Amino acid sequence: MADVTHILSQIESGDPSAAEQLLPLVYQELRELAAAKIAHEKPGHTLEATALVHEAYLRMVDSDKVRSWNGRQHFLAVAAIAMRRILIEWARKKAATKRGGDRHKVDLDDVELMSSARPDTILAIDEALEQLSARAPESARVAELRLFAGLSLQEVAEALNTSTATAHRHWVYARASLHDFLTS
Amino acid sequence: MSADTTSERTIFLEALESVPKDRWDEYIDQRCAGDPELRGRVARLLEAHRSLGDFEERSVATPTNAAPDLLGVQIGSYKLLEQIGEGGMGVVYVAEQTQPVRRKVALKIIKPGMASQDVIARFEAERQALAIMDHPNIARVFDGGTTDMGHPYFVMELVQGPPITEYCDQYKLGSNERLELFEQVCRAVQHAHQKGVIHRDLKPSNVLVPRIDGRAVPMVIDFGVAKAIGQSLTDATVYTRFFQMVGTPLYMSPEQAELGIVDIDTRSDVYSLGVMLYEMLTGCTPFDHEQLKQAGFDEMRRIIREDDPPRPSARVSTLAAQDLSTVANNRHADARHLGASLKGELDWIVMKALEKNRARRYESPSALADDLKRYQVGDQVAACPPTLRYRIRKFARRNRALMVSACSILVALVAGLLVATAGMLHAIDQRERAQESERIAEQGLAQVTEEQQKQQALIDLFYDIYPRDFGLKSRGLGHTVYESIEQVSREVDADRFKDYPSVEIEVRQVFAETYTSAGEFDKARNHLYRALELAQNLYVEPSEVVAGIHASIADEIGWNQSMLPADVERTARHARKAIEIYNELGIDEPKPWFALAAALANHPQHFDEAEAAQRKCVEIAGEGSIIPLIDLGFLLQKYNDDRLDEAMSTFDRALDNYQRGNVNKPHIKANVLAARGGCFRKMGKLPEAKQEYHEAWKLYSRPNLQDEAWGHRIGYRLAELEFADSHVDQAYLLLEQIHRLAARHEVAESQVQCQSQLGWLYFQVGDYEEAERQLRAAVEAARRETGDRHADFGHAAVQLAETYEILDRPTDASERYRQVMPLTSAFVDLGAVFPLAYRVHARGMLASCGNEPELLDKAELLVNEAYANIQRYHRETDEPCFNLLRANIHRRRGHLERAIEELRVGLAKAKEPQPTIRAEYTCIPTSRCELETTLADFLVEAGRADEAKAFLDEVITIRVNTEELGPHHIQTTLARLRYGEFLLERKEYPMAKQQLVAALESLPDSQLVRGVRGRTLGNIAVCCDALNDAEEADIWRSEARTLSQ
């Protein structure tokens, strides 16, 4: 298996093609972790997306070697995409077996969102993010990082190579948009 | 981004950032004039924003700013006045209650992230219990609910004061004042427990100390909150909190750190109280904050569950000078005395509260408080005896032999002395001791009998060594007992017993026994020689005491298992002297005979005398003897494979005697059975061998024998036979089981051996990466437990070296060989018959000598010597491995053809089909595998690849046609696998694929071969790629992925 630590250092040393190798690896690891979690928990137990992402980081990356903060941000950014996919898959599967759940009130300040989200909520958020992404991709990306990888604004800013203030503006806008979409 | 969106977003953000809330409508009216749709969208966004509340970053890195928005807001009948705190869980406000009474309260709003309904439901469930709690040191919880924004909140009695630890430092409280404060906290928690409420999150920040009427009143807050929030109930929340770097894992009990455990009881609170007490006394928590923070999630949980924190006094002693003086200064204490003031009972009390196993903790907070009270008034505390007993037990398991002798010293020292016994069981009372001495003095020493002299001398000695701080020295009881023995031993040497030579003789003999079992042979010998000298002066010949000491000296060397010619000589001399004296006295004593046999046994040239001596032992032991017969059997089968039948019938006699003698000692029976099993194995009768080992292991599996290292060894042998029988999974599971038992009972040597054995197993199935991991761990553990002059170390290190050779890491391999050189050269220098030592030594030389002719000559010399020994003592089965070594030497010299010839000779002798089994660590592996692969490699090197192929093909056929193996046996499968990998390397893809697929199909379904299976799947995929069948390659790869899931 290609080594995540190695890929991260390639990215850091400016090889953009390395990033493409990262997603499938992270996706795979996260899926395994999630599957293990689901298998060991009681039925109905939800996934702690952020926790999983961090656990994957600990498992996959030799943090002694990837010392720079940047490497971690790269990882988390990719992990957010992967986690979103996994949750969608999971939610689709669940929603298929159990229809008709009420759409839940979603607190968008909650970076641990997925811990309390139900399948239909996740699907709704995904849809809302898709919509937002068509209109304001940067804002959607910020929301994705926060909601699916639990990044703080500062971390988001570093991952997207922008200022915290900008990240903040994107987030406030994304949040209101998502909320509007979900409640209307 | 569309223009539409741009303006929508811009206007929205402008409104947020530069326009007061109440003028938003006005502002967007103005900005969106003429575009009602845009206005509608922005208005909706602003509305959404309003209902979400102002965004506030909660990351740890961001400084917390009060949420001014909420101030003045009305929540239910509470009006928020001022923010007074913020923690991982929520924000705390001072609020004014208006209904039904007007008062100030604390209102805690839980941060989002908790499922609100659940929190409130749990809170409601506990409300009843919370309502009836009424204690002056517990902040009352009045109410709970959900804010309009959906956040749960709790309303509590308003307590304003610093956390207890800060309070103590702020007011520079001394130890006693701290303890008093802490006792109040215990009583409060006890009250809650009696009402059925567990706190679950006790920590200094939940114990605040306001001053009321000039008096410190500790108040426990947040009762019921932790449970309602459900924290620490799932790993997920623990995890989350860990990453939020909340301080709480520091106070978390081991059972709370356990995943999935919901079974938290009042003793969890006792643990947290213990942590708090620890911190109040030492200024730091038992586990270091930084350390926990840096540990990974699993590591953090492991630390909490497994690691023993240093005792408070030890913790203080490790503080840096600067920190220490701060801590001391805060306690009005002298830095130099702080550690000492904690040492002893206070240490015990804290450690009892922090026991990993809650059954050993104080059963309640009040029991903890009571013990502290007892400590303060100078009474005997409850904490010590159980802890001491527990530690003795723990230590005893770790080092049974030493313990037995240590106890025998204590027993000998107090033999028949009621006074002393009482003194041992209870804390020693100085007055009692003084009275006793007085009484003896009154009797007048001159008149007391020798027996009494001895007793008094022993009492004095015992009082001197009785360690008041048992278990409190640096590294556990083991060291303390040992140190005590050392200390007394020095006393004895310092003429302490000058006037009582008979006592001194006896005491020295006990010490010798202790040192012998501790492996300190030099010290044992010194005591014995001194005792001998005294006895020879004191007693008239022939003296039984003198004979006994001679026998002990001989026996000690037997224990020592020294094989140095001089030692053997000395043993024989003392043994014969003892025998002579016993003869004169007409006493039949087996000990010197046994020592004689044991010492001579390792030297084939003295074999006959050894055998005669052992037979004498059997004779003295008489009809019905068991153990002397087992020893005789071992001796008979030691060198000469021709005498195996004789050995077996000796074991049979032992078994008969066991059964006839109505002895109910299952471990003895198991030992006899295992001896028979070993003998069957040497005979090549594997099914019979397995049967015996199986029975033996069953006996050792009984609960009271599960901690016997000897039993574990029998388990390894059984595992090897299971493996030889192709029952890979059974072998693996058995080793796992033993490892578990060894860990549970803390049998260190077995843990090491088991790991080593697992590494061996992985090595056998060709999973060298995993083998390397296991063996590396085994080597490190062995170095720690036994040092690097021990067989357990050597064994693991050699196996590891061979693993590195296969992994093509020659530098690592030669490094490991170098580590065992001191061990192997000791044996080789003896010139005795240890083929294994020769083999390892020669391999080690080859691993690092390159093609240096001189060194090759030396290695060859060694190999030839070993060869001669083997032939002299009929160990044909050991020959092939030396053929292998010779072949290697030939090749290094460039004589490839001779090397190939040598390998063929070895292969012809390697028993068909010798499955890979290892008998103990004294025997060498006799499998064909390495010969086979080496031959194939050399043939390729000689440009005879086709021949190599044909050979490896034939190797499979041999196994398929062998009755004991057959086509699906693990050995056949592995041979196929090796062949497949060989072909793959030679790029013969279709054939490689065919072999690999066949091997894959017959690989057993076992966890153990997962690595091998994965590698094989990958190799097959590579074949498919090379054969341009990408589709099939994908199928194999996806199977490999499924495997890793």
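Just so it is clear, the structure is predicted and the values come from calculations on it, not from any experiment. Throughout, protein chains are lettered first and strands after them, A, B, ... in sequence-line order, and every chain is numbered starting at 1.
- Closest non-hydrogen pair, A:Ala176 versus B:His49, comes out as CB-N, 4.4 Å.
- Taking OG1 of B:Thr10 as the start and CZ of A:Arg169 as the end, the distance is 8.0 Å to the nearest 0.5 Å.
- Partners of B:Arg776 under the salt bridge (Lys or Arg N to Asp or Glu O under 4.0 Å) rule, at least two apart in sequence or in another chain, are B:Glu772.
- The contact between B:Leu45 and chain A is made by backbone and side chain atoms together, counting heavy-atom distances below 4.5 Å.
- The side-chain heavy atoms of B:Arg9 and A:Arg135, taken from C-beta on, include no pair separated by under 4.5 Å.
- The closest side-chain heavy-atom distance from B:Phe12 to A:Val172 is below 4.5 Å.
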